[in-house]
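A quick write-up on the structure given underneath.
In what follows, chains carry the letters A, B, and so on, assigned in the order in which the sequence lines appear, proteins first and then strands, with residues in each chain numbered from 1. Note that the structure is a prediction, hence the values are computed from the model and not measured.
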Number of protein chains: 2
Amino acid sequence: MEKYFSTIIHGDCIEEMKKIPDNSVDLIFADPPYYLQLPKGKRLKRSNGTEIIPVDNDWDSFESYEHYDTFTHAWISECQRILKPTGTFWVIGMYHNIFRVGTIMQNLGLWFLNDVIWVKTDALPNLNGRRFTNNHETLIWSVKSKDCKKYTFNYELMKKMNGGKQMKDTDWIFGLCRGNERLKDENGIKAHPTQKPLKLIQQVILAASNKGDVVFDPFMGSGTTAVVAEALGRKWLGVERDEKYVHLAINRVKDFIAKKV
Amino acid sequence: MEKYFSTIIHGDCIEEMKKIPDNSVDLIFADPPYYLQLPKGKRLKRSNGTEIIPVDNDWDSFESYEHYDTFTHAWISECQRILKPTGTFWVIGMYHNIFRVGTIMQNLGLWFLNDVIWVKTDALPNLNGRRFTNNHETLIWSVKSKDCKKYTFNYELMKKMNGGKQMKDTDWIFGLCRGNERLKDENGIKAHPTQKPLKLIQQVILAASNKGDVVFDPFMGSGTTAVVAEALGRKWLGVERDEKYVHLAINRVKDFIAKKV
DNA sequence: GCAAGGCATGAATCTACAT
DNA sequence: GATGTAGATTCATGCCTTG
């Protein structure tokens with residue numbers, strides 16, 4: 001286990017998790033593919049003619065709900081296995097996928113503590129006036145099983161961060177990841193399509209882990225979990241399937257450590 | 001069909017829906033049992049010693065997730081059948097049940113428009129400091145199938161009600177049903193454990209139906225959907241299994257009509 | 001240097017119509 | 001019916017240019 005810490009493993013998360021012992025991580029944060037089912041190749045345009053770049057990456061493509069469910073069941077059951085009885089497991093998603101994710105979690109015996117709503121402050125408006133603006137994502141917060149009562153939750157810290165009042169599942173109000181925080185490629189284009197804001201992950205890690213705890217992320221992407229865990233003195237470990245993102249995340253963490261020292 | 005309008009049918013909603021023709025209702029609002037899985041007989045107490053009355057009614061008891069799913073699949077597939085291609089179907093729930101409900105809806109081919117968050121302004125605080133305050137419920141808004149594009153949505157009205165800006169899925173901020181609005185029995189105790197606020201149902205009906213449309217509610221409970229539909233000039237129809245609530249709702253609607261005239 | 005305004009852009013299940 | 005093209009539509013934020 002120890003040899004792994006503070007590294008991003010390039011590989012399939014299910015295969016890599018199989019190498020991790022039972023009951024060995026304190027906190028899991030997972031940002032899996034959402035299976036958006038957007039039409040391939042079609043681009044929505046703003047009135048000024050600029051295009052909206054959708055998430056139509058290969059990693060978000062599945063043949064059917066059934067295929068998505070099989071994949072989801074596989075990685076979630078590994079997460080459940082490696083999670084300590086005192087640990088907690090977070091998954092983020094949207095209405096496209098979160099209901100399926102939640103059902104599979106319950107079927108596996110994971111026990112829900114909350115469904116937390118990340119309310120966005122600067123989401124893309126609905127461009128055709130046929131729906132309500134899609135302005136939030138949902139985080140499911142769970143424990144390994146119903147009888148896990150002694151999980152880590154820094155209630156008082158959350159209360160303090162919320163101005164002295166008990167933090168609610170709807171008090172998670174953050175902007176999207178943009179500006180200088182958003183990683184860009186050599187052409188100035190966003191380097192990862194779904195980079196999450198530091199503040200969001202920070203709140204998760206502060207709420208549900210302590211210094212020295214092991215934080216695991218099966219879909220490391222641009223490495224936000226790694227940077228926040230490193231900054232907050234947690235041990236961490238991540239898996240990422242796409243080599244391009246592995247390099248992105250490793251460099252990001254290196255940069256962060258270099259600037260800190 | 002016509003003979004049914006503006007009535008509350010006493011019976012099992014699945015059996016009663018079977019009598020309703022295909023493609024015949026414009027809007028369905030459903031507030032099904034949440035399957036809270038609270039321990040029977042246990043009562044939480046406030047610090048002043050008073051008891052919190054939980055929802056532990058028989059209608060919320062199921063043997064297992066599987067039984068809940070079977071029941072859910074049955075009533076939702078009937079709703080899908082009776083819904084017009086131009087109509088929309090709303091279901092409200094919490095983290096205990098909404099993920100299962102959403103998965104079953106997707107499996108049946110219902111297509112999601114939004115998941116709307118009802119943010120409460122006066123929810124019960126978390127009493128033991130082991131979770132975030134549970135401050136919202138989730139409404140899934142859907143159409144009969146993916147290809148139903150011409151559904152009713154009063155976009156401009158919603159925008160106007162939201163101060164001239166596009167209404168978001170997180171702009172649904174209402175207090176709980178309390179005070180004079182909350183129905184009481186002869187002893188002054190709440191007459192129905194989960195009575196929904198008028199404002200919430202009003203926003204649903206205003207958003208997704210027009211005058212003269214048919215609104216259906218398979219779990220009528222205290223009759224909130226009936227009262228709002230009546231007030232807004234919609235035709236309506238409801239089913240309720242518990243005879244006590246049927247009488248409650250009928251009297252409530254009668255009172256409402258009497259006061260209006 | 002500072003204020004004002006221009007402009008780019010965000011996990012998006014788009015709609016209507018013609019062929 | 002399936003497929004392709006044109007069209008209408010939006011809000012908050014932050015960086016950058018201009019004055």
Electrostatic pair Asp26(B):Lys84(B) at N-O distance under 4.0 angstrom: yes
Distances for protein N or O near nucleotides 12-15 of chain D N or O, under 3.5 Å:
{"residue": "dA12(D)", "atom": "OP1", "partner": "Lys165(B)", "partner atom": "NZ", "Å": "3.1"}
{"residue": "dA12(D)", "atom": "O3'", "partner": "Thr121(A)", "partner atom": "O", "Å": "2.8"}
{"residue": "dT13(D)", "atom": "O2", "partner": "Arg178(A)", "partner atom": "NH2", "Å": "2.5"}

Parallel, tilted or perpendicular: rings of Trp75(B) and Phe71(B) (30°, 60°): tilted
Separation of atom CG in Asp56(A) from atom P in dA11(C), rounded to whole Å: 14 Å
Nucleotide dT5(D), atom P - distance to CD of Glu51(A) in whole Å: 14 Å
Spacing between Ile189(A) atom CD1 and dA8(C) atom C1', to the nearest angstrom: 11 Å
N-O pairing of Arg81(B) and Asp22(B) below 4.0 Å: yes
Between dG10(C) (P) and Phe174(A) (CZ): distance, integer Å: 20 Å
dG1(C) and dG19(D), which share atom name C1', separated by this distance in whole Å: 12 Å
Asn48(A) CG - dG6(C) P separation (whole Å): 14 Å
Separation of dA6(D) P from Leu127(A) CG (nearest whole Å): 19 Å
Span that lies between the C1' atom of dA11(C) and that of dA8(D), in whole angstrom: 23 Å
Value in whole Å for how far the C1' atom of dA11(C) lies from NE2 of His136(A): 13 Å
Sequence-aligned protein contact record of nucleotides 12-19 of chain C, with B where the base is within under 4.0 Å of a protein heavy atom and S where only the sugar-phosphate is: BBBS----
